[in-house]
J.: 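Just dropping this structure here.
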Number of protein chains: 2
Amino acid sequence: MKIKVAIADDHKLFIDGIKSILSTEIDVDIIMEAGNGLELIKAIENGPLPTIIVTDIRMPVMDGIAATKELTKKYPDIPILALTMYDQGADVVEMLEAGAKGYVTKEADKQELLLALKRLVAGEKYFSKTIPEDFCKWASCAPEENEIILTRREKEILALIAKGRTTLQIAHELKLSKFTIDTHRKNIHKKLKIKSNTGLVNYALKNLNLNY
Amino acid sequence: MKIKVAIADDHKLFIDGIKSILSTEIDVDIIMEAGNGLELIKAIENGPLPTIIVTDIRMPVMDGIAATKELTKKYPDIPILALTMYDQGADVVEMLEAGAKGYVTKEADKQELLLALKRLVAGEKYFSKTIPEDFCKWASCAPEENEIILTRREKEILALIAKGRTTLQIAHELKLSKFTIDTHRKNIHKKLKIKSNTGLVNYALKNLNLNY
DNA sequence: ACCAATATACCTAGTAGTAGGTATTTCAAG
DNA sequence: CTTGAAATACCTACTACTAGGTATATTGGT
């Protein structure tokens with residue numbers, strides 16, 4: 001039976017490219033395309049069910065992570081393959097946690113994409129080789145030496161600092177003492193070896209996923 | 001005569017897609033592909049000259065802007081078409097300043113890409129409609145109402161703040177008084193309506209192009 | 001039940017950033 | 001040549017952050 005693919009990516013040219021690549025495959029059909037997560041969900045709800053969903057991670061309106069959470073809940077039997085850029089390691093982990101069954105980086109070629117599609121349709125998983133550290137993190141392999149483990153609270157506070165909140169504002173927001181926030185910030189400083197608030201913002205924006 | 005295209009993009013899948021899309025066009029041939037700016041330059045130096053160069057803006061090792069500067073110097077007759085993501089407005093301006101003759105966003109479709117290729121080969125320019133403000137900025141149209149004009153010095157200092165430098169460090173680095181840096185920072189605050197250093201880092205990382 | 005990690009809270013002293021000023025020099029545009 | 005923007009420099013008072021502590025309650029895992 002033919003593999004019916006639903007694909008979501010905000011770059012039309014990329015979708016067109018994939019369609020063109022897969023058009024030579026007689027056993028693969030792209031039956032649905034979407035420019036963001038919301039369109040994807042709507043399309044699947046209103047159309048014939050695809051065999052597999054292929055989605056970009058970062059998209060406007062609704063990203064791939066949110067869409068994946070929603071879709072795995074409603075359609076647990078349809079595997080989701082994440083498409084990712086080389087620099088979105090952290091996002092990949094979130095996608096897998098959201099329920100994606102595999103990922104392929106956009107550095108991959110046609111062969112790898114096809115392989116991933118077939119693996120997922122067969123109920124297996126597939127992971128591009130190029131993001132080993134992050135997959136390791138998710139699969140709880142041996143932790144990286146330079147892997148930084150911030151606690152939930154610390155991440156929360158770091159995110160607020162990155163948003164420009166002052167210590168007092170954070171204290172009010174979380175209904176905690178100013179001293180507590182101070183302590184947490186100091187612990188973050190130690191763990192990250194960053195000594196200034198501006199440095200933290202830098203780190204947070206580059207390493208956490210606070211973007212849009 | 002056939003249009004001979006050299007293409008550079010760090011996403012192999014994207015290149016494959018473009019190749020596949022263009023393979024149905026009898027008058028277009030992709031004769032060269034590269035994963036970054038450096039590979040592109042080397043390929044062009046060692047191979048037959050292309051009719052047109054199509055390149056992504058952000059790439060590892062050497063980005064499209066640097067490559068374009070180099071290539072327009074050595075090969076002023078070969079037009080360069082920039083491929084860009086929706087959120088890289090500022091980069092587009094730099095590409096045009098570097099000598100690119102047009103740009104197409106990755107939201108475009110096959111038709112638009114072909115149109116752009118033909119326009120550039122014919123010696124014309126082509127700009128996707130979707131980034132009007134930035135092109136306006138470059139072409140010095142009427143300035144945007146909410147366009148923020150920081151002076152050269154202010155941008156320089158903002159960049160250093162974003163890199164985590166303190167006022168004193170910046171003062172030493174630029175051989176200026178601490179008071180001067182303070183004044184500049186205060187002026188930046190006023191212009192951007194941002195009242196804190198962390199807010200500035202946020203703004204700088206999102207709006208300036210400090211990334212690699 | 002116990003241990004380690006997490007989360008909480010407080011104190012002091014010092015440094016850096018914020019907010020309000022004023023003022024001089026330079027340089028390009030009108 | 002004058003005007004205005006840009007760049008420079010200084011002052012004071014106040015607020016926020018940094019760095020060094022100590023200490024207790026809670027929680028998850030063996």
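Throughout, protein chains are lettered first and strands after them, A, B, ... in sequence-line order, and every chain is numbered starting at 1. Computed from a predicted structure; not experimentally measured.
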J.: Please examine the side chains of B/I18 and B/V54, heavy atoms only from C-beta on, and report whether any two atoms are closer than 4.5 Å.
T.: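 Answer no - side chains too far apart.
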J.: What distance separates B/E173 CD from B/K163 NZ, expressed to the nearest 0.5 Å?
T.: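 With rounding to 0.5 Å, CD (B/E173) is 8.0 Å from NZ (B/K163).
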J.: Tell me which nucleotide among C/dG17, D/dA9, C/dT8 gets nearest to the side chain of B/N197.
T.: C/dG17
J.: Rounded off to whole Å, could you give me the CZ-to-C1' distance for the B/R165 and C/dG17 pair?
T.: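 Answer to the nearest Å: 17 Å.
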J.: Just one of B/K101, B/R119, B/E112 clears the side chain to side chain donor-acceptor pair (under 3.5 Å) bar with B/Y126, so which one?
T.: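 By the side chain to side chain donor-acceptor pair (under 3.5 Å) criterion, B/Y126 pairs with just one of B/K101, B/R119, B/E112: B/E112.
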J.: Could you state the NZ-P distance from B/K190 to C/dT18, rounded to the nearest angstrom?
T.: 14 Å
J.: Reckon B/T167 has a side-chain N or O less than 4.0 Å from the OP1 or OP2 of C/dG17?
T.: yes
J.: Round to the nearest Å and state the distance from B/E154 atom CD to D/dA5 atom P.
T.: 13 Å
J.: I need the CZ-P distance between B/R153 and C/dC27, as an integer number of Å.
T.: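 Spelled out: CZ on B/R153 to P on C/dC27 is 14 Å.
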J.: In whole Å, what is the span from the NZ atom of B/K186 to the C1' atom of D/dA7?
T.: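 After rounding, the reported distance stands at 14 Å.
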J.: Salt bridge check: are A/R153 and A/E156 linked by an N-O gap of less than 4.0 Å?
T.: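 Salt bridge flag = yes for A/E156 with A/R153.
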J.: Would you say NZ of B/K12 has more than 12 non-hydrogen atoms from neighbouring residues, nucleotides or ligands within 6.0 angstrom?
T.: yes
J.: Nearest whole Å is fine: how far is C/dA5 C1' from A/N187 CG?
T.: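 Result: 11 Å.
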J.: Nearest to the side chain of A/T151, heavy atoms from C-beta on, is which of C/dA9, D/dC10, C/dT6?
T.: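 It is C/dT6.
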J.: In this structure, how many angstroms lie between the P atom of D/dC17 and the NZ atom of B/K195, rounded?
T.: 15 Å
J.: I would like to know whether A/K186 and A/D182 meet salt bridge (charged side-chain N to carboxylate O under 4.0 Å, His left out); could you show each step before the answer?
T.: CA-CA 6 Å; A/K186 278 187 287 190; A/D182 269 331; over 6 Å; no
J.: How long is the line joining CD1 of A/I188 and P of C/dT8, in whole Å?
T.: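 The distance from CD1 of A/I188 to P of C/dT8 comes to 12 Å, rounded to the nearest Å.
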J.: Quick check for you: to the nearest 0.5 Å, what is the distance between B/N36 atom CG and B/M62 atom CE?
T.: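 Result: 8.5 Å between the selected atoms.
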J.: Working to the nearest 0.5 Å, report the span between OG1 of A/T51 and CD1 of A/I3.
T.: 6.5 Å
J.: Respond yes when some side-chain nitrogen or oxygen of B/R152 is under 4.0 Å from OP1 or OP2 of D/dA6, and no when none is.
T.: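 For D/dA6, OP1/OP2 do not have a side-chain N/O of B/R152 under 4.0 Å.
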J.: Name every residue in residues 178-185 of chain A that has at least one heavy atom under 4.0 Å from any atom of DNA chain C, in order of residue number, or write none if there are no such residues.
T.: A/F179, A/T180, A/T183, A/H184
J.: Going by heavy atoms closer than 4.0 Å, what residues in residues 168-175 of chain B are next to DNA chain D?
T.: none
J.: Nearest 0.5 Å, what's the NZ-CG distance between A/K106 and B/D16?
T.: 13.5 Å
